[in-house]
Amino acid sequence: MKLILLGPPGAGKGTQCKRIVDKYGMGHLSSGDILRAERKANSELGQKAQSYMDSGALVPDDLIIDMMIAAIKKAPSGYVLDGFPRTVVQGEGLDAALEKAGEKIDAIVNLQVPDEPIMDRMTGRRSCPECGAVYHVVNLKPKADGQCDAGCGALTQRKDDTPEVVSYRLKTYHEQTAAVVGYYQGKGNTILDIDANQDIDKVTASVLGKLDALNG
Ligand code: ADP
Ligand code: AMP
């Protein structure tokens with residue numbers, strides 16, 4: 001299965017992708033995770049992306065499109081795209097590459113959340129720097145305070161999850177990313193709208209239910 005997960009920052013894309021991948025076994029291609037790995041490796045791409053990410057701005061389209069097309073080529077049997085495409089230009093770049101390869105996206109999962117809960121979700125997010133697992137200080141607590149359930153060690157807070165940067169990321173979402181849903185509607189893609197302003201497990205049930213129905 002080839003899926004795209006859309007939604008504002010903090011919608012729960014990473015959280016739900018993990019559960020989709022656990023059930024269906026495709027690759028999880030998160031543009032944010034790939035960029036953070038590039039930064040950790042201090043690669044040229046990581047260095048170029050750094051200032052954009054720290055301020056909450058989008059990394060330039062050409063860098064992202066090349067990076068994600070390369071990742072997709074390494075996952076021929078299926079994937080769920082998380083955080084990409086984030087502009088209409090990225091959507092067009094993705095579609096052109098897929099068309100060239102004779103492939104298509106099966107469905108777009110659109111996580112719908114109003115702005116109000118986003119600040120609490122993102123400032124309360126804690127991540128494992130080793131395995132990438134994502135928790136929340138209230139909504140999804142680890143078993144031991146501040147420690148990854150997988151035994152990796154201490155959880156950390158992302159530098160771009162401060163109130164100032166979260167506000168800017170939400171603004172960026174409304175100005176540059178929200179239009180991606182309309183782009184895919186215009187192309188006639190299958191879009192699965194999900195109410196993501198409810199408990200994590202309820203969102204998962206809704207997502208998996210719709211994907212099961214899609215698979216027939
Ligand atoms: P995204 O990948 O869309 O930025 P995440 O999956 O990282 O979002 O979720 C952001 C934060 O919100 C995490 O701390 C996560 O535990 C929490 N979260 C995710 N989904 C929900 C939900 N439905 N209700 C409450 N908190 C949630
Ligand atoms: P995320 O992990 O999805 O919250 O992304 C973290 C940051 O990485 C974003 O605020 C952007 O700076 C950058 N980023 C991730 N994905 C993209 C993308 N598709 N286009 C541009 N920038 C991106």
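Position 1 is the first residue of the sequence, and the numbers go up from there. Read the numbers this way: they start at 1 and go in the same order the structure lists the ligands and their atoms.
- Using a 4.0 angstrom heavy-atom cutoff, R36 counts as in contact with ligand 2.
- When hydrogens are left out, the protein atom nearest atom 16 (O) of ligand 1 is H136 CB, 3.4 Å; that is the closest non-hydrogen contact.
- Counting atoms of ligand 2 from 1 in the listed order, those under 4.0 Å from a heavy atom of R158 are 1 (P), 2 (O), 4 (O), 6 (C).
- Of the options A196, G10, P117, the smallest heavy-atom separation from atom 4 (O) of ligand 1 is shown by G10.
- Shown in contact with S31 at under 4.0 Å from a heavy atom are these atoms of ligand 2, numbered in order with element: 15 (C), 16 (N), 17 (C), 19 (N).
- In terms of protein heavy-atom proximity, atom 10 (O) of ligand 2 is closest to R169 NE, 3.8 Å.
- Atoms of ligand 2 found under 4.0 Å from any heavy atom of A57, numbered from 1 in the order shown, are 11 (C), 12 (O).
- When all heavy atoms of P8 and V113 are compared, the pair lying nearest together is CG-O, 4.0 Å.
- When heavy-atom distances to ligand 1 are checked against a 4.0 Å cut-off, I200 comes that close through both its backbone and its side chain.
- Close contacts of ligand 1 with V134, meaning ligand atoms under 4.0 Å from a residue heavy atom, involve 7 (O), 13 (C).
- A heavy-atom separation below 4.0 Å is not found between P9 and ligand 2.
- Each of the following atoms of ligand 2 lies closer than 4.0 Å to a heavy atom of Q90: 18 (C), 19 (N), 20 (N), 21 (C).
- Taking distance alone, with nitrogen or oxygen atoms compared against 3.5 Å, G83 approaches ligand 2 more closely than that limit.
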- For V80 and V21, what are the C-alpha separation, side-chain angles and deciding distance, and is it a side-chain contact (heavy atoms from CB on, under 4.5 Å)? CA-CA 8 Å; V80 49; V21 165; 3.7 Å; yes

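- The pair R19-D201 meets the salt-bridge criterion, with a side-chain N (NZ, NE, NH1 or NH2) lying under 4.0 Å from an Asp/Glu carboxylate O.
- Contacts between Q16 and ligand 1 below 4.0 angstrom, taking non-hydrogen atoms only, are absent altogether.
- When hydrogens are left out, the protein atom nearest atom 5 (O) of ligand 2 is R86 NH2, 3.4 Å; that is the closest non-hydrogen contact.
- Comment: D95 engages K187 in a salt bridge, judged by a side-chain N to carboxylate O separation of less than 4.0 angstrom.
- Close N/O approach between G12 and ligand 1 is found [any backbone or side-chain N/O within under 3.5 Å].
- Less than 4.0 angstrom separates some heavy atom of M53 from each of these atoms of ligand 2: 8 (O), 12 (O), 13 (C).
- Side-chain contact annotation: R86 with T177, donor-acceptor N/O pair under 3.5 Å absent.
- Under a 4.0 Å heavy-atom criterion, M68 is not in contact with ligand 2.
- Between the side chains of T87 and D61, at least one donor-acceptor pair of N or O atoms lies under 3.5 Å.
- Ligand 1 lies nowhere less than 4.0 angstrom from a heavy atom belonging to K202.
- Numbered from 1 in the order shown, with element, the atoms of ligand 1 that lie under 4.0 Å from a heavy atom of T15 read 5 (P), 6 (O), 9 (O), 15 (C), 19 (C).
- Scanning the protein heavy atoms around atom 22 (N) of ligand 2, the nearest turns out to be V59 N, 3.0 Å.
- The proximity of I64 to ligand 2, defined as any non-hydrogen pair under 4.0 Å, is limited to the side chain.
- Nearest heavy-atom pair across Y52 and L58 is CD2-O, 3.4 Å.
- We find that D82 and K13 are not joined by a salt bridge, their nearest charged nitrogen and carboxylate oxygen being 4.0 Å or further apart.
- Of all atoms in ligand 1, numbered sequentially from 1 with element shown, those under 4.0 Å from a heavy atom of Y135 are 13 (C), 14 (O), 16 (O).
- At distances below 3.5 Å, at least one donor-acceptor pair connects side-chain atoms of K210 with backbone N or O atoms of D193.
- The nearest protein atom to atom 10 (C) of ligand 1, hydrogens excluded, is given as R125 NH1, 3.7 Å; this is a heavy-atom distance.
- The two atoms that bring A107 and L192 nearest to each other are CB-CD1, 4.2 Å, heavy atoms only.
- Within the 3.5 Å criterion, the main-chain N or O of G10 finds a donor-acceptor partner in the side chain of R121.
- Residue, atom and distance of the protein heavy atom nearest to atom 23 (N) of ligand 1 are Q198 O, 2.8 Å.
- Distance alone, capped at 3.5 Å, places no donor-acceptor pair between the H136 side chain and the P142 backbone.
- Across D115, D160, D54, a single residue satisfies salt bridge (Lys or Arg N to Asp or Glu O under 4.0 Å) together with R169, and that is D160.
- Ranking the protein heavy atoms by distance from atom 2 (O) of ligand 1 puts G14 N, 2.9 Å first.
- For atom 1 (P) of ligand 1, the nearest non-hydrogen atom from the set K13, R121, R126 belongs to K13.
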- Message: Between L81 and L94, does the side-chain contact (heavy atoms from CB on, under 4.5 Å) criterion hold? Intermediate values first, please.
- Response: CA-CA 11 Å; L81 300 178; L94 170 64; 3.8 Å; yes

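- The heavy-atom pair separating I108 from I105 by the smallest distance is CG1-CG2, 4.3 Å.
- Counting atoms of ligand 1 from 1 in the listed order, those under 4.0 Å from a heavy atom of N139 are 25 (C), 26 (N).
- Considering all non-hydrogen atoms of both residues, D149 and K143 come closest at OD1-N, 2.7 Å.
- For atom 14 (N) of ligand 2, the closest non-hydrogen atom on the protein side is L35 CD1, 3.4 Å.
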